[in-house]
J.: 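Quick one: the structure is below, and I'll ask about it shortly.
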Amino acid sequence: MSEGAHLRQPEAGQPDASHKAILYLEGLNVSFDGFKAINDLTLYIDSGELRCIIGPNGAGKTTMMDIITGKTRPNSGQAWFGQTVDLLKLSEPEIANAGIGRKFQKPTVFESHSVAENLELAMHGNKSVWYSLRARLSGEQQALIDATLHTIGLTDHYHQQAGALSHGQKQWLEIGMLLVQKPHLLLVDEPVAGMTHQEMERTAELLTSLAGKHSVVVVEHDMDFVRSIANKVTVLHQGSVLAEGTMDDVQNDQRVIEVYLGE
Amino acid sequence: MFITRILQNDRGGQIMLAVLALVLVLVPVLNLLVPEGNFLHMPTYLVTLLGKYLTYALLAVAVDLVWGYLGILSLGHGAFFALGGYAMGMYLMRQIGDRGVYGNANLPDFMVFLNWKELPWFWQGFDMFWFAMLMVLLVPGLLAFVFGWLAFRSRVTGVYLSIITQALTYALLLAFFRNEMGFGGNNGLTDFKDILGFSLQSDNTRMTLFVLSGLALAGGYLLCRYIINSKLGRIVVAIRDAESRTRFVGYRVEHYKVWVFTVSAMLAGVAGALYVPQVGIINPGEFSPLNSIEIVIWVAIGGRATLYGAVLGAILVNYAKTVFTGLMPESWIFMLGALFVLVTLYLPQGLAGLVQQFQAKGWLQRRAAA
Amino acid sequence: MLKTYDFTRLLLLSVLLWVCPPLQAEQQSATLTQAVPLFQAASFDKTREAVDLLAVSGDAEAVPYLQALLDGQLYQHKAQGTLVIAKDGNTGDELRKIPTNNSLRKYVRAAVGQLSLSHPDAVVRLKSANGLLETVTPEMAAQLRGLLDKETDSAVKEALSLGLAMADLNAADKAVRLTAIESLAGNLHPGVRNRLTTMTTDSDTEVAKAAQEALRSIEDTAALYGHVETLFFGLSLGSVLVLAAIGLAITFGVMGVINMAHGELIMLGAYTTYIVQQLMPHAIDYSLFVAVPAAFIVSGAMGILIERTVIRHLYGRPLETLLATFGISLILQQLVRTVISPQNVPVSNPSWMSGSLEINSVLSLTYNRLYIVLFCLLVFALLYFVLRNTNLGLQVRAVSQNRAMARAMGVRSARVDALTFGLGSGIAGVAGVALSQLTNVGPNLGQSYIIDSFMVVVFGGVGNLWGTLVAGLSLGVVNKVLEPWAGAVLAKILVLVFIILFIQKRPRGLFPQKGRAAGD
Ligand SMILES: Nc1ncnc2c1ncn2[C@@H]1O[C@H](COP(=O)(O)OP(=O)(O)OP(=O)(O)O)[C@@H](O)[C@H]1O
Ligand SMILES: [Mg+2]
């Protein structure tokens, strides 16, 4: 992934991660009509860390990302990005512009735009109305698009309509959109669903290369994939953290085994 | 050149504008230069009728901008059109001066009739052309801005939005029917005499208005095309297709929506302002929900999200309306109703879509032959 | 008021005629016999004495004679001296008409009233006690007091005490006057208000002040009933809105289908009423009972037709559905214009719908409004029951919540869609029957309700029948509350603007449907 090196420069406006952690989730609660999807969830992500989050279906992984990105408002609790940014006070675009990027569980790309346009739209930069009326792609931006297309293996699909891509290609395109957004924190929900084994490896490589300069949170069900990238794993169950540690620690945890194998 | 750059990749637009240019040259020739009696002569009433179609076409372009590209089905664009029309109508009313039935230089006839003693505050300034033209843009724009700001900020979308836009125009309809509103109530504003000192009855004035309508249409078209081609246009389409995804890449969706909605409302206002001096009247009927929804069907028939389709649809439907309401008035409503049903069921891409399909087929055949 | 008074008298008369057996000279009672010579004197004074005698006697049998005297139908047999009532002036030579003049007639009228006060029938007593209020004099106070003691019927008692108080208003004793005024406070009888108004200028300042106070309390009470009336008007308007909207609440709320032709389905219901009445012109009173099911079937069938031919192809494309159904609404309107008439058609009200329920003199509820409210609640309850407790209802809810899952569970969703749409449309037809009783029936009938209906559904919260009910009723009331100071049109505009603003604050309405299905 050496050609992706220039991608790793996060954009200006670093969040204040002076106390090591970049994301603070404390005592979060969300309930839908009385059903507690998130239950007193407390979780910290360190700056530059690559964290995997696993958990059975319905554990609340996606809902947690919804909270971080402003899609769902918690009933109580705190969510901070660095020391200074209170995520619960910001709207979705403000959070995105603060440097949190997200890849959705169900790949959602802009279907009637071309692949390149998808990247153009997702690219970091001034996103005001009047600016975008007059905006032209600069050489630098064009280069970023080309490089990203190369990284995600879609160079040949430059002009293709995104709606016509295969499921796996859409996954890659979404990852590409995440990259050009140049976030500090990447939330990646089930990135390898629908990918071949080879592609999985490429994704793993990409994600590990991103860690360090960026902080990455990956939600994934594929244990082999998780094992291949993670040094720290968090297990969510019924809306709260069940266990946390290395993959081996977690896999040997009695409670985790119970949850996965059924009582 | 600037225009050619805008129209790159817009085959339909190129053809449409070329035809429009031709019409704008031919019609004055046929009307003013070909002597009356010659069978090529074009009577002035036809010129005015064409002018009316052109203003409708501009209105349709404005609707297509929000419906086709932004995905907002506005059932209230007739209101912006009517507001622009009223702003122009107020100027024309003030132009009448003391030539009204009551001969009151300060008050329009209907105010004298209502026993009003002085001009209400909101009529002030409309004796100045520039002010009235400013209002043609500002009033619809401001309404759209406030309404849009409220609606889009609270994320009212889809049919809900359609229904409240309809309620908006309905409320305005009721309001303008009231005499106390000060816009001539039921009868609206009419009996105009002249504009900027030129008699509205004269052939030359009518021709000028016709040409202006054509130019406004061309200008509106190019403006919309420019917007669509810009990055803003791509963002707007992204909002149409995946609104919340657009938010997560950092765009403030409501700002974009309000912006486009307001621009579209202003275009509709301009169309209304050109419409009124040509038809000679503006009344609350223009606010009726039926009018607004008819505009949508022009766009649907022409083909949404193409812009030129909107022009085509507006002119075709209105031509058909003129013909059929003349021949068999009963049947027109049936036809209009059937159009709504058939187009949505069988022609979702409109005529423009049909043309594109044929083109694609022809291309395939040619390739197969080669 | 005058009318009711006449009406009362008429009723009184007919009751009397019915109660009393045909009169024969021999059957005349003792009092009557006593009075006979006085009548014979042929002088107004003597006649007056005779009337007095009869009045004081409390003899109910004397009433018809006095009434006949009033009507100029009382005769005396010249030879025998007996009194005879002759209805049609069909009199021989032996009968002599007993002459009357204006002042005497007035006197007799009072006497009749007084006499009927002791009639054995409580209904008669009540009527006459009520009639008494206009004519009561201070002299009657003692008699009224006596009657009041004997009276057992509470309604009559109340009327009598009111009469007594009115009589006491003229009493010489100031204390009596004051208590009378006090007891009249809050009473809504128009006679009371008039009398008290004259008394506010009484030379005695204390009395005048008391009268003013009593008047104020009367006005307060009247205002209160005024509010009740506004509330009632509002509820009846609200019921119309609910009726118009509830079908939409099903098609839009439960199925998510935007049916712009909903108004025209209402219109079809109204025209069905018209046609039913044309078919049974001699049984208008029963026509509505035929029209309700007929309209349900006509509009319901039309709804199913629309669903099967058009809407079915447009599920999941709400904006297109909106346009297509709008086209259908145009076609239906024009169809009615061409086939029936472009003008309004006359629809009659059954006789049981006219008239009003009089609560008191300032508040009367017209029956047609009252029935609309009841009808609305009935339709709502029925619909609610159908959706809650029947198999169809269960399937409808299943399909509306998760179409794919319901289909997997064996629900035939196409059939359920058609039936649900038919149900909603049928209800629209039923609403049309109700509307035909309130407004003009014409091709544009539906158009004027469609926006209101959507507002109600959206305001109440889509997919929530209760929300529709509450929203409809409260919008009706708000409209009527605003009307007096804003005017009908402005009130409507204000309500529209309010809803437009409300939706922006709470896009999901008053009672939002919960869960992920309602979101995105
Ligand atoms: N908007 C909502 N309304 C109602 N329930 C919701 C909503 N969002 C999430 N839930 C519920 O919250 C629970 C957690 O959902 P979530 O999508 O976060 O699970 P997850 O851990 O991402 O599962 P998966 O691994 O299947 O993606 C689920 O039971 C889900 O049904
Ligand atoms: Mg998930």
Side-chain angles (χ1 to χ4, degrees), chain B residues 67 71-73 75 147 149-178 180-181 242-244 288-290 293-294 296-297 299-300 304 329-346 348, chain C residues 252 256-258 260-261 306 309-314 317-335 337-338 342 443 447-448 450-455 457-458 462 487-497 499-509 520:
Chain B
W67 186 35
I72 294 174
L73 176 56
L75 299 182
F147 180 85
W149 187 72
L150 288 170
F152 302 138
R153 200 190 38 148
S154 40
R155 304 194 183 171
V156 182
T157 51
V159 285
Y160 289 89
L161 193 72
S162 303
I163 289 166
I164 61 170
T165 52
Q166 189 173 41
L168 174 77
T169 192
Y170 184 56
L172 284 169
L173 169 78
L174 294 177
F176 273 74
F177 262 124
R178 289 160 43 92
E180 304 86 76
M181 274 289 281
E243 178 168 338
S244 80
S288 95
L290 176 63
I293 206 166
E294 257 191 72
V296 173
I297 208 64
V299 179
R304 50 189 280 218
E330 296 266 293
S331 70
W332 170 244
I333 301 281
F334 279 125
M335 288 185 0
L336 189 64
L339 270 182
F340 273 97
V341 178
L342 297 178
V343 167
T344 42
L345 282 185
Y346 301 112
Chain C
F252 181 42
V257 168
I258 319 299
M260 295 298 277
I306 295 173
T309 52
V310 178
I311 293 174
R312 181 162 66 103
H313 306 289
L314 297 171
R317 290 158 64 196
L319 299 183
E320 275 87 350
T321 315
L322 190 155
L323 293 177
T325 50
F326 184 79
I328 294 173
S329 83
L330 288 183
I331 295 175
L332 287 178
Q333 275 176 35
Q334 193 59 26
L335 205 65
R337 268 189 215 113
T338 336
Q447 226 175 28
S448 40
I450 183 72
I451 292 183
D452 288 343
S453 307
F454 269 114
M455 291 293 120
V457 174
V458 170
V462 172
V489 180
L490 200 59
K492 194 153 182 189
I493 297 173
L494 287 175
V495 168
L496 276 177
V497 170
I499 297 178
I500 292 177
L501 292 177
F502 178 87
I503 293 177
Q504 329 219 317
K505 266 268 153 273
R506 296 186 59 170
R508 298 267 167 80
D520 32 9

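Throughout, protein chains are lettered first and strands after them, A, B, ... in sequence-line order, and every chain is numbered starting at 1.
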J.: Measure distances from B:W332 to the heavy atoms of chain C and classify the residue's part below 4.5 Å as side chain, backbone, both or neither.
T.: neither
J.: Taking all atoms of both residues into account, what is the closest heavy-atom pair of C:L322 and B:S162, and its distance?
T.: CD1-CB, 4.1 Å
J.: Any side-chain heavy atom of B:Y170 within less than 4.5 Å of one from C:L496?
T.: yes
J.: Quick check on B:Y160 against chain C: is it the side chain, the backbone, both or neither that has a heavy atom closer than 4.5 Å?
T.: side chain
J.: Could you check which of C:Q333, C:K492, C:Q334, C:E320 has the highest count of heavy-atom pairs closer than 4.5 Å to chain B?
T.: C:Q334
J.: For chain B, which candidate among C:V458, C:L490, C:D452, C:T321 shows the most heavy-atom pairs at distances under 4.5 Å?
T.: C:L490
J.: Non-hydrogen atoms of chain B under 4.5 Å away: do they reach the side chain of C:L501, the backbone, both or neither?
T.: side chain
J.: Given that the side chain runs from C-beta out, which part of C:I451 has a heavy atom under 4.5 Å from chain B: side chain, backbone, both or neither?
T.: side chain
J.: Below 4.5 Å from any heavy atom of chain B, which atoms of C:L335 appear? Answer side chain, backbone, both or neither.
T.: both
J.: With heavy-atom distances below 4.5 Å as the criterion, would you say the side chains of C:Q447 and B:P289 are in contact?
T.: no
J.: Does any heavy atom of chain B fall under 4.5 Å from the side chain of C:T309, the backbone, both, or neither of them?
T.: backbone
J.: For the candidates B:A171, B:G337, B:A167, which exhibits the highest count of non-hydrogen atom pairs separated by less than 4.5 Å from chain C?
T.: B:G337
J.: Quick check on C:I328 against chain B: is it the side chain, the backbone, both or neither that has a heavy atom closer than 4.5 Å?
T.: both
J.: For C:L323, which atoms come within 4.5 Å of any heavy atom of chain B: side chain, backbone, both, or neither?
T.: both
J.: Flag the pair C:F326 / B:I297 as yes when at least one side-chain heavy-atom distance between them is below 4.5 Å, and no otherwise.
T.: no
J.: Under 4.5 Å, counting heavy-atom pairs only, tell me which of B:R153, B:R178, B:E180, B:Q166 racks up the most with chain C.
T.: B:R178
J.: Check B:I333 against C:L330 and note the closest heavy-atom contact, atom names and distance.
T.: CG2-O, 3.6 Å
J.: Atom CD1 of B:I163 and atom CD1 of C:I450: how far apart are they, to the nearest 0.5 Å?
T.: 8.0 Å
J.: Of all heavy-atom pairs between C:L319 and B:G158, which one has the smallest distance, and what is that distance?
T.: CD2-C, 4.3 Å
J.: Examine whether an atom of B:F147 lies under 4.5 Å from a heavy atom of chain C, and if so say whether it belongs to the side chain, the backbone or both; otherwise answer neither.
T.: both
J.: Against chain C, label B:V296 side chain, backbone, both or neither, depending on which of its atoms sit under 4.5 Å from a heavy atom there.
T.: side chain
J.: So which part of B:L172 gets closer than 4.5 Å to some heavy atom of chain C, the side chain, the backbone, both or neither?
T.: neither
J.: Looking at every non-hydrogen atom in both residues, tell me the closest pair between B:V159 and C:P318 and how far apart they are.
T.: CG1-CB, 3.6 Å
J.: In terms of heavy-atom proximity below 4.5 Å to chain B, should C:I258 be classed as side chain, backbone, both, or neither?
T.: side chain
